[in-house]
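Written out below as structure tokens is the structure these notes cover.
Remember, predicted model here, so these are calculated numbers, not experimental data. Hydrogens, waters and symmetry mates are skipped; everything else that's a heavy atom, side chains included, is used.
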Amino acid sequence: REVPCAEMAANAFSRAIELDPSNQNAKHMLASVTADATVVKASNAYVTELFEDYAQNFEHSLVDELGYDGFQRLRRAFDRSFGGQEKVPKFGLVIDAGCGTGLV
């Protein structure tokens, strides 16, 4: 018989948990592929690890793959408003309009 992908994945994640009971990724993915209704949210450890791992590629994904250019548009708007980049004053207090991107 042909084994469905979800069943194969569930078996693989179950085995990963057997080998490493602290593997939060495997626990989360097992709950996902089995539609485990007892899991109401991803664990804090899973979410933390997910974002820590993604942080290394975030800028590349956002700018190069998704085409985000809000920070460039804002830079151009400031330059035009003040008559050129060299005339934009240094501000002592600013609002982070990048929403956590870290892009300037």
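- Distance check, rounded to the nearest 0.5 Å: CD of Glu7 to OG1 of Thr34 gives 12.0 Å.
- The distance from atom CG of Asp69 to atom CZ of Phe71, rounded to the nearest 0.5 Å, is 7.0 Å.
- Pairs passing the salt bridge (charged side-chain N to carboxylate O under 4.0 Å, His left out) check and including a residue from residues 17-36, sequence neighbours excluded, read Arg15-Glu18.
- Nearest heavy-atom pair, Ala9 versus Val33, reported as atom, atom and distance to 0.1 Å: CB-CG1, 4.2 Å.
- Taking CD1 of Ile17 as the start and CG of Asn25 as the end, the distance is 10.5 Å to the nearest 0.5 Å.
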Contacts table for residues 77-89: side-chain donor-acceptor under 3.5 angstrom, sequence neighbours left out:
unit_1, atom_1, unit_2, atom_2, d
Asp79, OD1, Arg75, NE, 3.1
Asp79, OD1, Arg75, NH2, 2.8
Ser81, OG, Ala77, O, 2.9

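- Other members of the hydrophobic cluster containing Met8, listed by chain and number, are Val3; membership follows side-chain contacts under 4.5 Å among ILVMFWY residues, whether direct or relayed.
- The shortest heavy-atom contact between Leu30 and Ala10 is CD1-O, 3.5 Å.
- Taking NZ from Lys41 and OH from Tyr46, the interatomic distance works out to 13.0 Å, rounded to the nearest 0.5 Å.
- With sequence neighbours excluded, the residues satisfying side-chain contact (heavy atoms from CB on, under 4.5 Å) with Ser61 are Tyr54, Asn57, Glu65.
- Here Ser43 pairs with Gln24 under the side chain to side chain donor-acceptor pair (under 3.5 Å) rule; sequence neighbours left out.
- Residue pairs meeting the salt bridge (charged side-chain N to carboxylate O under 4.0 Å, His left out) criterion with at least one partner in residues 43-56, sequence neighbours excluded, are absent.
- The hydrophobic clustering, which links ILVMFWY residues whose side-chain heavy atoms are closer than 4.5 Å, places Phe91 and Leu74 together.
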